[in-house]
Amino acid sequence: QFIQADAASRRGLIQALGCAMTEYDRITTDSWTVAFPSDWPDASESDGTLYFESPAGDKGFYISLWLMSDEETRGSRELIESFQNTELSSFFPADETWHVISHASEGDGKSATGYWEGINGERKYWICGKQIAAGKHVLRATFHDYDSLGPEASAGFFTTIVGSLALSAA
């Protein structure tokens, strides 16, 4: 049987365990959805890309939806790979010490997903990107840990956020 804990009980449990459970908000549009920590404010600028950042400013993520033109002839997998090539060259410049941890894409002409991840150990900066394409839509997001304790810690922190990212438009 499930029993709902009140706020005082949750605080007591958090103190006993020495950690806090992260509460998540969710944004759902007609085209996509993502969940993120409820204390992360919208820090977007006016360029159309959403940006949410942790209160401490040490983590954040960007998300944008692209609607490809009717003249676009590439399928979803080709679009994902094109976006990845642009992102990888932009985020991992050759004149800096970056280690690409993973880079993958899967799918076909109708729908595809992609993921990449890398770290600059000298700067303690970890980044990953996720792309989802279906039809003429490409949803892309990048997740940033500006003070990374290592790729496992950063990837672990962002697992829920990255996993919640979904495209519903097609």
Side-chain angles (χ1 to χ4, degrees), residues 26-37 40-54 57-148 150-170:
R26 177 174 291 277
I27 293 178
T28 301
T29 72
D30 291 341
S31 304
W32 55 268
T33 187
V34 69
F36 58 96
W40 287 26
D42 181 348
S44 304
E45 307 230 344
S46 60
D47 69 352
T49 299
L50 291 175
Y51 178 65
F52 293 88
E53 188 173 75
S54 68
D58 60 339
K59 293 173 179 48
F61 74 95
Y62 294 87
I63 185 168
S64 61
L65 178 69
W66 293 62
L67 177 60
M68 308 312 289
S69 74
D70 289 336
E71 289 80 37
E72 179 61 62
T73 59
R74 293 174 289 182
S76 293
R77 178 97 182 245
E78 288 178 283
L79 286 170
I80 291 294
E81 291 170 353
S82 176
F83 272 76
Q84 286 184 327
N85 288 336
T86 300
E87 291 172 4
L88 289 168
S89 64
S90 173
F91 285 112
F92 304 140
D95 61 341
E96 293 184 18
T97 309
W98 283 94
H99 170 65
V100 177
I101 299 164
S102 67
H103 175 204
S105 63
E106 61 185 27
D108 55 31
K110 294 185 187 283
S111 66
T113 59
Y115 180 86
W116 54 261
E117 175 184 358
I119 191 164
N120 182 319
E122 293 172 5
R123 292 176 45 200
K124 296 174 60 176
Y125 186 10
W126 174 91
I127 310 172
C128 84
K130 182 176 180 182
Q131 312 79 35
I132 307 170
K136 296 290 183 186
H137 293 89
V138 178
L139 180 64
R140 62 173 295 268
T142 54
F143 306 88
H144 304 256
D145 188 342
Y146 306 112
D147 190 22
S148 177
E152 296 83 13
S154 296
F157 176 85
F158 279 100
T159 294
T160 300
I161 303 169
V162 172
S164 75
L165 185 67
L167 176 64
S168 56

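Values in this document were obtained by computation on a predicted structure and should not be read as measured data.
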Keeping [X] on the side-chain end and [Y] on the backbone end, is there a donor-acceptor pair under 3.5 Å?
| X | Y | value |
| --- | --- | --- |
| Ser168 | Ser31 | yes |
| Ser154 | Ile127 | no |
| Glu72 | Leu67 | no |
| Ser89 | Asn85 | yes |
| Arg140 | Gly129 | no |

(message) Between Lys59 and Asp145, does any NZ, NE, NH1 or NH2 come within less than 4.0 Å of an OD or OE carboxylate oxygen?
(response)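 Judged by the 4.0 Å cut-off on N to carboxylate O distance, Asp145 and Lys59 do form a salt bridge.
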
As an exercise, state the distance from [atom1] of [X] to [atom2] of [Y], rounded to the nearest 0.5 Å.
| X | Y | atom1 | atom2 | value |
| --- | --- | --- | --- | --- |
| Thr29 | Leu167 | OG1 | CG | 8.5 Å |
| Tyr146 | Ser54 | OH | OG | 8.5 Å |
| His137 | Ser111 | NE2 | OG | 14.0 Å |
| Leu50 | Phe36 | CG | CZ | 9.0 Å |
| Arg77 | Glu106 | CZ | CD | 7.5 Å |
| Thr113 | Gln131 | OG1 | CD | 8.5 Å |

List the atom of [X], the atom of [Y], and the distance in Å for their closest heavy-atom pair.
| X | Y | answer |
| --- | --- | --- |
| Arg74 | Glu78 | CA-OE1, 3.6 Å |
| Thr49 | Ile63 | CG2-O, 3.6 Å |
| Ile80 | Ala112 | CG1-CB, 3.8 Å |
| Ser148 | Gly150 | OG-N, 2.9 Å |
| Asp70 | Lys136 | O-NZ, 3.9 Å |
| Ala104 | Gln84 | O-NE2, 2.9 Å |

(message) Is it the case that the ring center of His144 lies less than 6.0 angstrom away from the ring center of Tyr51?
(response)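 For Tyr51 and His144, the ring centres are not under 6.0 Å apart.
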
(request) Taking atom types as modelled, find out whether Ser164 and Arg26 have a side-chain donor-acceptor pair closer than 3.5 angstrom. (result)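 Short answer, no.
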
(message) Exactly one of Phe61, Trp126, Tyr115 should register a ring-ring contact (aromatic ring centres under 6.0 Å, His included) with Phe158. Which one does?
(response)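 Answer after filtering Phe61, Trp126, Tyr115: Trp126.
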
Under 3.5 Å, which donor-acceptor pairs do the side chains of residues 92-101 form with other protein atoms, sequence neighbours left out?
unit_1, atom_1, unit_2, atom_2, d
Glu96, OE1, Trp98, NE1, 3.0
Glu96, OE1, Arg123, NH1, 2.6

(request) Kindly indicate whether the side chain of Phe52, heavy atoms from C-beta on, has any atom under 4.5 Å from the side chain of Ile161. (result)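 When only atoms from C-beta onward are counted, Ile161 and Phe52 do not touch, as no gap falls below 4.5 Å.
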
(request) Run through Val162, Thr142, Ile119 and flag the one making a side-chain contact (heavy atoms from CB on, under 4.5 Å) with Cys128. (result)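 Considering Val162, Thr142, Ile119, a side-chain contact (heavy atoms from CB on, under 4.5 Å) with Cys128 is found only for Val162.
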
(message) Determine whether Tyr62 and Ser64 satisfy the following criterion, side-chain contact (heavy atoms from CB on, under 4.5 Å), listing intermediate values before the conclusion.
(response) CA-CA 7 Å; Tyr62 294 87; Ser64 61; over 6 Å; no

